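Each remark here refers to the structure printed beneath this line.
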Amino acid sequence: MPQEQLQKILDKCKTSNPGCDLELIERAYNFAEEVHRGQKRLSGEPYIIHCLAAAEIIADLKIDSKTLAATLLHDVLDDGDDDKTIMEERERKLEKEFGKEIATLVKSVTKIGKIKYHGVERAVENLCKMFLAIAEDIRVILIKFADRLHNMRTLAAQPPEKQKRIALETLEIFAPLADRLGIGRIKGELEDLSFQYLMPGEYFWLVNQVHDQFEERERYLERITPDLKKELLKENIKPLQIFWRAKHYHSLYRKLKRYEMNLNRIYDLVALRIIVPTIEDCYATLGVIHKIWRPLPGRIKDYIALPKPNGYQSLHTTVFSQGGKITEIQIRTLQMHEEAERGIAAHWYYNEQKGLGTYIKRIFVPAPEKELKWIKQMQEWQKEMRESPEEFFQSLKIDFFKNRIFIFTPQGDVIDLPEGATPVDFAFHIHSEVGVHCQGARVDGKMVALDTSLQNGQVVEIITQKNARPSRDWLKFVRTHQAKDRIRQWLTRHQEKLSGIKETEEEVKKETPKQEPLRPISRPRVLKPIAEVAGDAKITTTLAKCCQPQPPQPIRGYITLNQRITVHRANCHNLAKIKDNSRLVDVRWKAE
Ligand code: MN
C-alpha cells in the first residue's frame, strides 16, 4: 500500500510540474520509510502512511519537489528517540543526503510542532508569534497544514479527550491561518473536521438537515447548466468549467446562527461556479446571467475589483433562476480559482530553466510583490484580532521581521527578542530572578558564553545558580531595555554593599561559591509528580526525558517494565503511541 500511495504522488507531480524531481521524492520516501520502519500510528497503520498522506496533500497544492521531499521527511527528527546522539547523527545524515534547504525545512517543522497551545486566552498571541517565527519560509507552515490535515482526518483513533484538544487547536489556530493564507480547500476541511469533534450534536443534526436539500439542489443545478452554457456560447463566452460546490458544514452552521437557523434563507447552500478564460469574460458572463435571470438586489459582489483581504477574487451574484429558485453564482478566471483553492501556495511559482530539451533546474522563488502583499495582509489580520494587546500589533511593521529574532525555550515557548540579543536578554525576559541568577546558557544543547549573539530559531536553556549575580560587564552586551534596567537596578541596590567591601567584578566572580549543582531553571524544586496508584504512594517517579514535563502542565504516568513510573506530559507524542492503556496511571504535581 505505501508503494501505491507513493506512485500516486509521483503521478500527481508529473502532471502538475513537468520539471519535478521524481528521484528526490523517491529518495526522501526511502529515507523516511527506513526511519519509521516498525513504527505504528494509533490507528495501527504503519507510520509512513501518515508521511505519504501529508505529502499527497502538498502534491495537490502543487508545491515544488523540495517541499514535497521535506513533507515525506517531516517527522524523521521527531520520532521521540530519547538518544540525542542518534538524533544528531540523523540530522547530519539528512543534511548530507538532502542538502541544507530540505534539512532546514524539516528542522523548522519539527520545531513548530513543539509550540504549545495554551488554550483560547493565549492562542492569538502565540499564533502570531508562531507565524512570525516561521515567516522566513512559508513552506514550513504549508507542511504543517498537511501534517495537521491528515492528523485531523485520522483523529478518530485518538482518545476522546485528545480529540477535543486537537480539534480546538485546529479550529482556533490552523483553520484561521489557512483562511488567512487563502487556502480555501484546507480551511474548509479543517473546520468541518474540527466541528464534528467539538460539537458532534450540532454537526450531525446539520448533516441530516441538509442532506436532502444538497441532493435536490444538485439535481436542479445539473438541469439548468446546459441552458446557461448555450446562452454563454451565444455571446462567444467559452466557459472552461461549470460546476457546483456544496457549502462546508461549519461555515454553513455559522451562517445559520445569523439567520435564526432557517435553512431557507441560505442561498449559497450549493453555489454554481463558472470558470472563464479572462477577467473580461467574468463581467460578460455576469451580464449574460443578469439578462436571463433576474438578480436579487444588493447581492452582487465584485471581489475582482475589491478582493477580500486574503486575496480572494470572484464575482458573486444571487439570481432567481428557472422556476424562481434562488441560486448563488460565482464567476472567476482559472487563476482566481487556483488562488482561491491553493491560496499562498499559488503565489509561489517555479522558475524553471530549460536545458537540452529537459528541465534541468528548478528553483523555488517567491513572487516578491505578492509576498509583500501577504505580509501586509497578515498585519491587517492581526489588527483585526481584538483580544490581543494593542502595542503588540502597533509594533508590527515590516522591518519588525528583519530586526527581531525568535528564540525557543526548551519547552517550546517562543520568545521574541531584538537582533543581537544574548542569553542574558533571554534570561531577563523569562523572569528577573532567572536573569539575576543566570550563570550559563546552553544553545541548541551546547554551552555558550553569555555574550553570544543568539540566532533566529535557536533553543536556549538558561542555567541558574543561587549565588550567581549580575556583572557590570553584562551592560556592555545586553540588547533589551528590560535586561539593562534590571541589571542596573540590581547593581544600585547592591552598590552600598559592594562599595563597602570594595570588591572588583573579578573578586565577586571568584567569591561565588560553586557547590550548587547546575540545574536548569525550569526544573521544579518543590513540586514533584506523585502517582495516584491505589494503595501504593511510594512508587518511584522519574520525569520523561522526551517531553520534560514541568508544573503545572497536565501529566500522565507510564509504568515501566521495572515497576517504576515515568511521568510524561499528558500530550506527549511518545505517550500517544502507547497502546497498552493498563500501563498508564494518573499522576499529579504535589509539593514535596
Ligand atoms: Mn506528522
Side-chain angles (χ1 to χ4, degrees), residues 1-2 5-6 9 25 28-61 63 66-81 87 90-91 94 98 102-117 130 133-134 137-159 162-163 165-170 173-175 177-178 183 186 189-190 193-194 197 345 408 412 546-547 568-569 571-579:
M1 175 148 150
Q5 226 180 331
L6 176 68
I9 293 167
I25 296 165
Y29 167 77
N30 289 331
F31 190 100
E33 198 278 327
E34 202 188 313
V35 168
H36 297 302
R37 198 174 296 161
Q39 282 179 27
K40 291 246 154 71
R41 301 196 90 218
L42 274 188
S43 61
E45 280 181 331
Y47 200 89
I48 192 73
I49 299 284
H50 164 67
C51 309
L52 283 160
E56 195 177 336
I57 293 164
I58 289 292
D60 285 332
L61 286 174
I63 308 173
K66 275 188 184 160
T67 312
L68 210 80
T71 311
L72 284 165
L73 295 163
H74 82 272
D75 277 330
V76 302
L77 298 180
D78 187 39
D79 74 342
D81 217 318
M87 294 314 273
R90 189 178 297 160
E91 203 177 307
L94 185 73
F98 296 97
I102 290 177
T104 306
L105 287 174
V106 175
K107 276 187 251 175
S108 306
V109 172
T110 311
K111 223 167 236 173
I112 286 187
K114 294 197 176 119
I115 293 179
K116 282 183 299 180
Y117 175 63
M130 160 170 136
I134 49 84
D137 198 332
I138 192 64
R139 293 176 293 173
V140 172
I141 200 73
L142 295 175
I143 297 171
K144 204 59 210 159
F145 278 150
D147 175 47
R148 177 52 60 109
L149 186 53
H150 184 248
N151 285 338
M152 283 302 294
R153 283 178 187 166
T154 53
L155 198 59
Q158 297 286 350
K162 209 169 164 192
Q163 286 175 352
R165 188 183 62 76
I166 295 175
L168 186 65
E169 184 179 84
T170 303
I173 297 182
F174 286 87
L177 283 186
I183 313 170
I186 285 184
E189 193 179 344
L190 284 178
L193 287 164
S194 312
Y197 287 98
F408 293 82
C546 54
C547 57
H568 291 260
R569 294 199 205 182
N571 62 0
C572 172
H573 60 282
N574 278 336
L575 207 59
K577 286 177 200 153
I578 290 162
K579 286 224 208 78

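We count ligands from 1, going down the list as the structure has it; atoms in each ligand are counted the same way. In this chain, residues are counted from 1 in sequence order. On a predicted model such as this, the values are computed, not experimentally measured, just so you know.
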Self-check item: Residue pair Glu56 / Thr71, side-chain heavy-atom distance below 4.5 Å
Solution: no
With a cut-off of 2.8 Å, strictly less than, protein N/O/S atoms near the Mn ion (ligand 1) add up to 4
side-chain hydrogen bond (donor to acceptor under 3.5 Å, both in side chains) with His50: of His36, His74, Gln39, only one passes, and it is His74
Applying side-chain contact (heavy atoms from CB on, under 4.5 Å) to Ala167 and not counting sequence neighbours gives Met152, Leu155, Ser194, Tyr197, Leu198
- Kindly indicate, with the supporting measurements, whether the criterion side-chain contact (heavy atoms from CB on, under 4.5 Å) is fulfilled by Glu33 and Leu52. CA-CA 10 Å; Glu33 198 278 327; Leu52 283 160; over 6 Å; no
Those residues at least two apart in sequence (or on a different chain) that pass side-chain contact (heavy atoms from CB on, under 4.5 Å) with Ala28 are Ala69, Leu72, Leu73, Phe98
Residues 146-159 vs salt bridge (Lys or Arg N to Asp or Glu O under 4.0 Å), sequence neighbours excluded, gives Lys144-Asp147, Arg148-Glu169, Arg153-Glu189
